[in-house]
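Here is the structure we will look at, set down as structure tokens.
Because the structure is a prediction, the values reported are computed rather than measured. What's counted below: heavy atoms across the whole structure, side chains too, no hydrogens, waters or symmetry copies. Throughout, protein chains are lettered first and strands after them, A, B, ... in sequence-line order, and every chain is numbered starting at 1.
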Amino acid sequence: MTATCLLDVLPAGRCGTILNIEAPEELVARMHAMGLLPGRRIQVIRRSPFRGPIQVRAGQTDLIIRRSEAATILLRPCPEADCA
Amino acid sequence: MKKRIALVGMPNTGKSTLFNRLTGAGARVGNWPGLTVELLSARLLLGDSMVELVDLPGLHNLHGFSEDERVARHFVESQPLNGILVVLNTTQLERQLALVLQLRTLGLPMLLALNMADEAHTRGIRVQTGQLAAQLGMPVLLISAKHGRGVPELKQALTEWLRRHPEPIQARAATLSEDDAIEHSLDELLAQNLHIPACLTPTRTDRIDRLLLHPWLGIPLFLLLMLLVFQAVYGIGAPLQDGLGWLLDEAKTRWLAPLVTALPAWAGSFLLEGLYDGIGTVMTFLPIIVVFFLAMAVVEDSGYLARAAFLMDALMARMGLDGRAFVMQLMGFGCNVPAMMGTRVMRSRSQRLVAMLMIPFSLCSARLQVFLFFTTAVFSPRAAPWVLFSLYVMSFLLAFFTAWLWRGKVRGQAEPLLMELPPYRLPTLAGLARQSFRESGHFLRQAGGFIVLGVALVWFLTHFPLDAQPASPATLAGRLAGWMEPVFTPLGIDQLLSIALLFGFVAKEVVIGSLAVIYGAGGDDLSGLLGQRLDWMQAYSFMLFTLVYTPCLSALATLRQEAGGSRYMFISVAWSLAVAWLLSFTFYQAARFLTA
């Protein structure tokens, strides 16, 4: 399987470890404050219909993020069995 | 020197709840030097000294770029402070503690309140407060602002803390480069002081979300919930509004009218139909605003508003907005005024401005009265519902078109959507009531004067010269309508109808009443008269114009207040007048051409 992927294509229920975020400085700072930073493991909870935002769980915080912004986050998906 | 403490925290930490807990009802909104937004502050007695507590807007990051974050940062860096009271959400300490470390670089005394301790406890999260306090070098307390637990202890701690830091001091400017060092010490602090259970059981929130955010059921359920909220707000608010209007009217005819008979006729008319009715107009908005904010506080505090953003984002993103704007647009179908005030839940100023330009196109209940009257007077019973339906469709289209057109043009780029989805929480009654009454007071103080002034002006236009029949062609308004005739004739709107439009500028509720005065006929007579004098094209053109042009003076006053200046109010007036004219013109001329 592929070693890395972007957050916007990670299916619901799957986890991944953030490797890199390539967004404007401003957005990266917001993501950091919300708990999205390299090294953290996050899980996609659900995706909203009509290509709407994605619900992501980072630690104790649930976030919603648009697909376009999710596409700036590169992660390494965890093996499927690890996603409880 | 005055003692002052800043209250700082991330959004969704219960910061405002704590502020209300600590200060009670005496909060006021004030302007600060160098700040573009108003901040809430209140005086608080701690021990034997009076302290001003200032509630800063929520911030994620001291070096953040959002308007709120800049405001908060500018405030702590520019105002001398006795200290910073930081509120964090205990359940999210692992990401929120970084803010404390950032704030620490400012060199101000700090006190840390870990809120929602009860929620953290249920989730099995444990914090070593004693050890954390020692390592951070500041008092750390566990509290629950919502239920008031730990708040007396917090006040006690604040008092002692203030005794140790009696003089306000200036912060030292923090530098961005320290952020990396923070990251490192943060991990250590968390590892030593925070215990999070490894396996989190699915919470109640997860179970509710499985239904409410369901891929197919989510949006229908959202629309259903909005319909229920709408019915609740206007089902309760509108009768109250009518009742209050009736009371004010009764008071006018029974007590005030006999009182002013001693005065010259014009003075009596000015006092009653100018000032009193003007103030009455302002007052009748209050019940709606109170009920609206009660309902919106439930929607927001429960955590559902963020879900609405999630569900409706796919549609609203095209207009540079998110789902919260859609909620406010829907609420605008009851009354535009509270809906515009409600856009405050959107923290981005550019999004708020776009939403406030789009909400006035929502077909509110006052305009509905006009349309119901006209459709029954002029159209056949079979056609009437379709006419009404077409006006609703037009309302949605114009709102979306306006937002789409203005997206990104108002104050720079559209904002990315990245927000927290908080767990569902039960709002407290006291918190709801406080919020709701604060908003109404705000509306009265800020918009009241403007509305009374506008009503007085329209009274003057329709009653001067004093010997003329009110609202007749001989008055200033009549003459104005005469001058405007070349503008309105191509729309099929005659002079008498355009005087009614002038009245409608104050409030759409008075349009039918003013037509009764203008035509000298009321109720069924007026209905019959309109049916004879207007053909369907003229009537529809008039309704289109009424739908689109400025909703009412109260909406304008609110827009002026909420946008922080007259600029956007004028933009909104000019834009809606231009669209109204073009739309009515196009419709009327095309219909005439096609039926000729």
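- Atom CD of B/Gln192 is surrounded by more than 12 heavy atoms from other residues, nucleotides or ligands within 6.0 Å.
- By the 4.5 Å heavy-atom criterion applied to side chains, B/Asp322 and A/Arg66 are counted as neighbours.
- Only the backbone of A/Ala58 comes within contact range of chain B, with at least one heavy atom under 4.5 Å from a heavy atom of that chain.
- Side-chain contact between A/Ser48 and B/Asp313 is absent, with no heavy atoms from C-beta onward closer than 4.5 Å.
- For B/Asn12, no part lies under 4.5 angstrom from a heavy atom of chain A.
- Separation of atoms CZ (B/Arg307) and CD (A/Gln55) is listed at 7.0 Å; rounding is to 0.5 Å.
- In this structure the side chain of B/Asp209 reaches within 4.5 angstrom of the side chain of A/Arg46, judged on heavy atoms.
- Both the backbone and the side chain of B/Ala317 have a heavy atom closer than 4.5 Å to some heavy atom of chain A.
- Heavy atoms closer than 4.5 Å to chain A are found nowhere in B/Met316, neither backbone nor side chain.
- Rounding to the nearest 0.5 Å places CZ of B/Arg95 at 13.0 Å from NE2 of A/His32.
- Between atom CD1 of residue A/Ile65 and atom CG of residue B/Leu421 there is a gap of 13.0 Å, rounded to the nearest 0.5 Å.
- By the 6.0 Å contact criterion, CG on B/Leu211 is enclosed, its count of non-hydrogen atoms from other residues, nucleotides or ligands being greater than 12.
- At a threshold of 4.5 Å between non-hydrogen side-chain atoms, the residues A/Leu36 and B/Leu418 count as touching.
- Nearest heavy-atom pair across A/Ala33 and B/Asn61 is CB-CB, 4.3 Å.
- Between the CG atom of B/Asn89 and the OG1 atom of A/Thr61 there is a distance of 7.5 Å, given to the nearest 0.5 Å.
- Taking all atoms of both residues into account, the shortest heavy-atom contact from B/Glu94 to A/Arg40 is O-NH2, 4.4 Å.
- Pairing each heavy atom of A/Ile54 with each of B/Phe310, the nearest pair is C-CE1, 3.9 Å.
- For A/Arg51, the CZ atom is loosely surrounded, since the number of other residues' heavy atoms within 6.0 Å does not exceed 12.
- Heavy atoms from other residues, nucleotides or ligands lying under 6.0 Å from NE2 of B/His121 number 12 at most.
- In this structure, the portion of A/Glu69 lying under 4.5 Å from any heavy atom of chain B is its side chain and not its backbone.
- Interface remark: A/Arg47 contributes backbone atoms only to the contact with chain B (heavy atom separation under 4.5 Å).
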Is there a side-chain contact (heavy atoms from CB on, under 4.5 Å) between B/Ile125 and A/Gln60 once you walk through the steps? CA-CA 10 Å; B/Ile125 296 166; A/Gln60 304 289 308; 3.5 Å; yes

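- Across every non-hydrogen atom of A/Pro49 and B/Ala314, the tightest pair is O-CB, 4.0 Å.
- For B/Leu99, no part lies under 4.5 angstrom from a heavy atom of chain A.
- The greatest number of non-hydrogen atom pairs below 4.5 Å with chain B, out of A/Gly52, A/Pro53, A/Ala29, is found for A/Pro53.
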